[in-house]
Amino acid sequence: MKHIISFLSGIFLMAIGSVDAQVARDSELYQTLMQQDSILFEAAFDTCDVATLEGIFTEDFEFYHDKGGLSEGRAMFLGPMRENCEKRDASKPQASKRILITNSLEVYPLYKKDVLYGAIQHGVHRFESLDENNTYVKGDIAKFTHVWIKEDNIWKVKRELSYDHQYRPQQ
């Protein structure tokens, strides 16, 4: 009985310790990945900067999307984006934009032998698209999870999940 109580106490303490594993919003890691998130989505939605995106994703990048399926490899993922960006008129607004939901971003560090090698970033974002009057209208809200790793001391996205897309125009 003593062993069972000790075992359960250990499990409980591990659970409590892991509940608050998110880094503080004012931490260097959180701020760095918040900035990387901004760079990624600005390049993807605002400036159509495929060269910047090539530097953000690892070569073996995988993108899992609940509506669009799986894209394996950076080249496969960026190919359609490159084609769309080449056709885009830079003097006109982008057809769609992404808005990070305030206070939704969470960052969890990944360590190996006490060395930070990566992080999991999770959040919620909303998308808007231009209507026939060239006015942005609210569209899907979705969750995202990025697995960031440090490659030669540079933060890169290795895996991305985009899921739970739901049309919620009121938010």
- Rounded to the nearest 0.5 Å, the CZ atom of R88 sits from the OG1 atom of T47 at a distance of 7.5 Å
- Does CG in D152 sit with more than 12 non-hydrogen atoms of other residues, nucleotides or ligands closer than 6.0 Å? no
- Message: For residues M81 and L40: do they belong to one hydrophobic cluster (side chain heavy atoms under 4.5 Å, members Ile, Leu, Val, Met, Phe, Trp, Tyr)?
- Response: yes
- Query: Do we see a donor-acceptor contact under 3.5 Å between the side chains of H165 and D66?
  - Reply: yes
- Task: Specify the closest pair of heavy atoms between C85 and V50, including all atoms of both residues, with the distance to one decimal.
- Result: SG-CG2, 4.1 Å
- Message: Test of understanding: clusters of I, L, V, M, F, W, Y form through side-chain heavy atoms closer than 4.5 Å, transitively. Do L100 and F127 belong to the same one?
- Response: yes
- Query: Where do V124 and K143 come nearest, in terms of heavy atoms and distance?
  - Reply: CG2-CG, 4.2 Å
- Kindly give the heavy-atom pair with the smallest separation between R159 and D60, and that separation in Å. NH1-O, 3.0 Å
- Flag the pair F63 / L70 as yes when at least one side-chain heavy-atom distance between them is below 4.5 Å, and no otherwise. no
- Message: Would you say L53 ends up clustered with I39 if hydrophobic residues are merged whenever their side chains have heavy atoms under 4.5 Å apart, either directly or through other cluster members?
- Response: yes
- Could you tell me whether the side chain of R25 and the main chain of N103 form a donor-acceptor pair under 3.5 Å? yes
- Query: Heavy-atom distance under 4.5 Å between the side chains of S162 and Y64, does that happen here?
  - Reply: no
- Does NZ or CZ of R98 fall inside the cone over F41's six-membered ring, less than 6.0 Å from its centre and within 45° of the axis? yes
- Is there a donor in the side chain of K87 and an acceptor in the side chain of N84, or the other way round, less than 3.5 Å apart? no
- Query: Taking all atoms of both residues into account, what is the closest heavy-atom pair of A21 and P109, and its distance?
  - Reply: O-CD, 3.6 Å
- Query: Does some side-chain heavy atom of L130 sit less than 4.5 Å from a side-chain heavy atom of P93?
  - Reply: yes
- Note on the structure: In terms of heavy-atom contacts, W148 and D37 come closest through CZ2-N, 4.4 Å
- Message: Within this structure, what is the OG-CZ distance for the pair S71 and F61, rounded to the nearest 0.5 Å?
- Response: 7.5 Å
- Query: Rounded to the nearest 0.5 Å, how far apart are CD1 of I154 and NZ of K156?
  - Reply: 6.0 Å
- Query: Parallel under 30°, tilted from 30 to 60°, perpendicular over 60°: which one fits the rings of F57 and F77?
  - Reply: perpendicular
- Message: Would you say E28 and Y30 are linked by a side-chain donor-acceptor pair, where the criterion is simply a distance under 3.5 Å?
- Response: no
- Would you indicate whether the side-chain heavy atoms of V157 and T58 approach each other to under 4.5 Å? no
- Taking it one step at a time, do D46 and K97 satisfy salt bridge (Lys or Arg N to Asp or Glu O under 4.0 Å)? CA-CA 7 Å; D46 300 339; K97 63 181 179 176; over 6 Å; no
- Is there a side-chain contact between H125 and I141, using heavy atoms and a 4.5 Å cut-off? no
- Message: Does Y117 form a side chain to side chain contact (heavy atoms under 4.5 Å, CB included) with K150? I'd like the steps, not just the answer.
- Response: CA-CA 6 Å; Y117 73 90; K150 287 175 86 173; 5.8 Å; no
- Message: With clusters defined by side-chain heavy atoms of hydrophobic residues (ILVMFWY) lying less than 4.5 Å apart, directly or transitively, does M34 cluster with F45?
- Response: yes
- Do the side chains of Y111 and V107 join up, straight or via other hydrophobic residues, at under 4.5 Å, putting them in one cluster? yes
- Say whether E106 and H122, considering side chains only, have a donor N or O and an acceptor N or O under 3.5 Å apart. no
- Message: Treating Q166 as the side-chain partner and A142 as the backbone partner, does any N or O pair qualify as donor plus acceptor under 3.5 Å?
- Response: no
- So do the side chains of I149 and E151 get within less than 4.5 Å of each other, counting heavy atoms only? yes
- Query: Centroid-to-centroid, F144 to Y163, below 6.0 Å?
  - Reply: no
- Do T135 and N133 meet the criterion of a side-chain donor-acceptor pair at a distance under 3.5 Å? no
- Mind checking the OG-NZ spacing from S129 to K138? Nearest 0.5 Å is all I need. 13.0 Å
- Message: Return the CD to CD distance between Q94 and E42, rounded to the nearest 0.5 Å.
- Response: 11.0 Å
- Task: Spell out, as yes or no, whether a donor-acceptor pair under 3.5 Å connects the side chain of R126 to the backbone of G139.
- Result: no
- Query: If you count the non-hydrogen atoms of other residues, nucleotides and ligands that lie under 6.0 Å from CD in E59, is the total more than 12?
  - Reply: no
- Task: State the CD-OG1 distance between E160 and T145, to the nearest 0.5 angstrom.
- Result: 9.0 Å
